[in-house]
2 protein chains.
Amino acid sequence: MPSDRSAVTLAVSTVVFALRPDPATGALTLWLPLVRRIREPYEGMWALPGGPLGEDEDLAASARRTLDVTTGLQPHYLEQLYCFGDVDRSPSQRVVSVVYWTLVRADEDASALERPGAENVEWFAADDVATHPGRLAFDHTTILAYALDRLRAKITYSPIAHAFLPAEFTLAELRAVYEGVLRRPLDPANFRRQILAQGTVEPTGGHREGTRHRPPALYRSNPARSRATLTIPADQEIPS
Amino acid sequence: MPSDRSAVTLAVSTVVFALRPDPATGALTLWLPLVRRIREPYEGMWALPGGPLGEDEDLAASARRTLDVTTGLQPHYLEQLYCFGDVDRSPSQRVVSVVYWTLVRADEDASALERPGAENVEWFAADDVATHPGRLAFDHTTILAYALDRLRAKITYSPIAHAFLPAEFTLAELRAVYEGVLRRPLDPANFRRQILAQGTVEPTGGHREGTRHRPPALYRSNPARSRATLTIPADQEIPS
DNA sequence: GCAAAAGTGTTGGCCTTACACCCATGG
DNA sequence: CCATGGGTGTAAGGCCAACACTTTTGC
């Protein structure tokens with residue numbers, strides 16, 4: 001029988017996604033910040049930002065706090081991903097991790113670099129890290145792969161893509177978010193119709209100026225409509 | 001800053017669903033077993049089966065163990081639901097609960113009644129309990145409502161309905177599972193076509209005998225095909 | 001005028017819904 | 001031969017993928 005007060009450590013970690021241009025192809029891809037471990041186990045390796053749960057803070061609050069401390073980020077969208085608790089996932093003591101995932105805008109992540117301790121925070125291409133086991137500490141590669149799956153599934157039936165964008169955006173920018181997350185091109189015409197049909201965005205009336213073509217209309221997200229499905233056509237190569 | 005070794009207690013609880021005929025209407029509805037609390041806080045109230053996490057057991061193993069100890073059930077399908085950890089969810093000490101949910105067959109739950117300690121286990125109609133706040137200890141009403149949502153969503157895109165049924169079943173029995181979970185009637189003809197089209201079941205070749213009408217074909221679940229969507233038509237009153 | 005992206009129109013095909021209809025068995 | 005559910009057929013309508021086409025701007 002287990003003891004009433006166990007020696008299990010409870011930690012909260014967060015998978016942070018941002019969309020950035022890939023330095024090689026220039027296409028938008030998913031990146032995430034990782035923190036270099038400064039103690040054993042896995043000292044020197046990269047790991048998800050996080051830390052032990054505070055005794056008087058809720059789980060999501062703990063995720064926000066540790067994220068702010070390590071990376072300076074204050075995300076809008078934050079959702080619990082999964083609780084990982086296998087006995088052998090940490091070599092020393094028993095650690096159960098409640099993992100959250102979050103989306104941040106590309107323009108938010110810059111602040112992380114000017115912080116003290118920023119030398120132990122670095123951004124990585126999410127799919128590159130997720131497909132190379134052993135690069136991350138603990139079971140964090142598994143966790144990252146799981147978070148990527150969840151993001152790619154959820155973006156098709158929930159308007160979370162807005163969290164990658166500022167308050168006002170064009171439909172082309174929104175489409176670029178979907179294309180970057182799903183790694184496939186989408187038909188602009190059909191994308192427009194589906195997004196407008198589900199009512200998750202509304203036109204602001206303004207237009208983006210300064211382009212060298214027809215000025216696109218600006219939209220904002222419509223909080224009233226929050227549930228709608230987007231159908232994604234068959235997989236294709238994304239042209240670079 | 002939180003201490004490295006916190007005084008937070010980690011518990012694992014499980015929401016168990018079974019389909020049973022409603023005593024009033026006779027229609028299949030969702031039921032779940034609850035355990036009477038025998039100590040403070042909430043002594044005497046009903047709560048989800050569960051208990052503290054063992055130091056050398058995985059989370060799912062803990063769910064299976066506590067479920068077996070309290071109810072004698074050994075479920076086939078077991079999935080993590082969510083981790084609940086608000087500071088004030090338990091009046092005394094801080095408790096973080098990793099909650100699982102599971103489906104059991106109607107013929108499995110009988111064994112629970114012959115066990116020692118069975119007088120502290122009772123089955124309740126899930127929707128009745130979920131819609132009456134204050135009947136359960138802690139935040140277990142919230143947890144149950146969340147589990148119900150998840151079950152009703154997941155049954156439309158995953159073949160979990162099989163977990164309610166024995167190895168061989170007719171399509172009418174499978175349809176009755178969907179109707180019981182979703183609380184609406186489904187067109188038998190269209191249901192048959194959708195289920196067969198997604199390939200999650202395969203005919204055994206046998207037929208159910210002893211009915212007072214045409215003998216229906218028997219099917220078994222096809223483990224190869226595990227992902228398929230079922231479209232549910234508009235909401236309707238279910239006739240009793 | 002030309003390039004480029006915004007935005008609209010249209011067609012064919014697939015899937016679902018609703019419901020009619022036939023099949024097989026017990027009584 | 002009737003009642004009952006099993007099982008098949010089918011037509012109308014909706015939705016989507018594909019792609020042609022028009023619009024509006026900068027240069």
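Just so we're clear, the structure is a prediction, and the values are computed from it rather than from any experiment. Proteins come first, then strands; the chains are lettered A, B, ... in the order of their sequence lines, and each starts at number 1.
Salt-bridge annotation for A/R208 and A/E168: absent, with no side-chain N of the basic residue lying under 4.0 Å from a carboxylate O of the acidic one.
At a threshold of 4.5 Å between non-hydrogen side-chain atoms, the residues A/N222 and A/V201 do not count as touching. In this structure the side chain of B/L78 reaches within 4.5 angstrom of the side chain of B/R64, judged on heavy atoms. Side-chain contact check for B/H140 versus B/F84: every heavy-atom pair is 4.5 Å or farther apart.
Between B/H207 atom NE2 and C/dC23 atom C1' there is a gap of 12 Å when expressed in whole angstrom units. The nearest whole Å value for the distance from the CG atom in B/L174 to the C1' atom in D/dG7 is 16 Å. Rounded to whole Å, the distance from CZ on A/R192 to C1' on D/dA18 is 17 Å. At whole-Å resolution of the value, CG in A/L186 and P in D/dC19 are 15 Å apart. Here D/dC16 presents its P atom at 13 Å from CG of A/L196, a figure rounded to the nearest Å. Look at CG on A/L218: it is 12 Å from P on C/dA6, rounded to the nearest Å.
Residue contacts shown for B/R175 are limited to sugar-phosphate atoms, with no base heavy atom under 4.0 Å away.
Side-chain N/O atoms of A/Q194 include one lying less than 4.0 angstrom from OP1 or OP2 on D/dA17.
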Under 3.5 Å, which protein N or O atoms sit close to an N or O of nucleotides 21-27 of chain D? Give each pair with its distance.
residue : atom : partner : partner atom : Å
D/dT23  : O2   : A/R214  : NH1          : 2.8

Pairs under 3.5 Å (N/O, protein and nucleotides 9-14 of chain C):
residue : atom : partner : partner atom : Å
C/dG9   : N7   : A/R193  : NH1          : 3.2
C/dG9   : O6   : A/R193  : NH1          : 3.4
C/dG9   : O6   : A/R193  : NH2          : 2.8

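Between the side chains of A/Y82 and A/Q80, no donor N or O sits under 3.5 Å from an acceptor N or O.
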>> What verdict does the ring-ring contact (aromatic ring centres under 6.0 Å, His included) test give for B/W31 and B/F17, after you've listed the backbone C-alpha separation in whole Å, the side-chain angles of each residue and the deciding distance to 0.1 Å?
In response: CA-CA 6 Å; B/W31 291 69; B/F17 290 121; over 10 Å; no
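The side chain to side chain donor-acceptor pair (under 3.5 Å) contacts involving residues 209-218 of chain B comprise nothing, where partners must be two or more places apart or lie in separate chains.
Nearest heavy-atom pair across A/I160 and A/W101 is CD1-CH2, 3.9 Å.
The cationic group of A/R20 lies under 6.0 Å from the six-membered ring centre of A/W123 and within 45° of the ring axis, placing it in a cation-pi geometry.
Comparing D/dG7, C/dT16, C/dC19 against the side chain of B/D187 picks out C/dC19 as the nearest.
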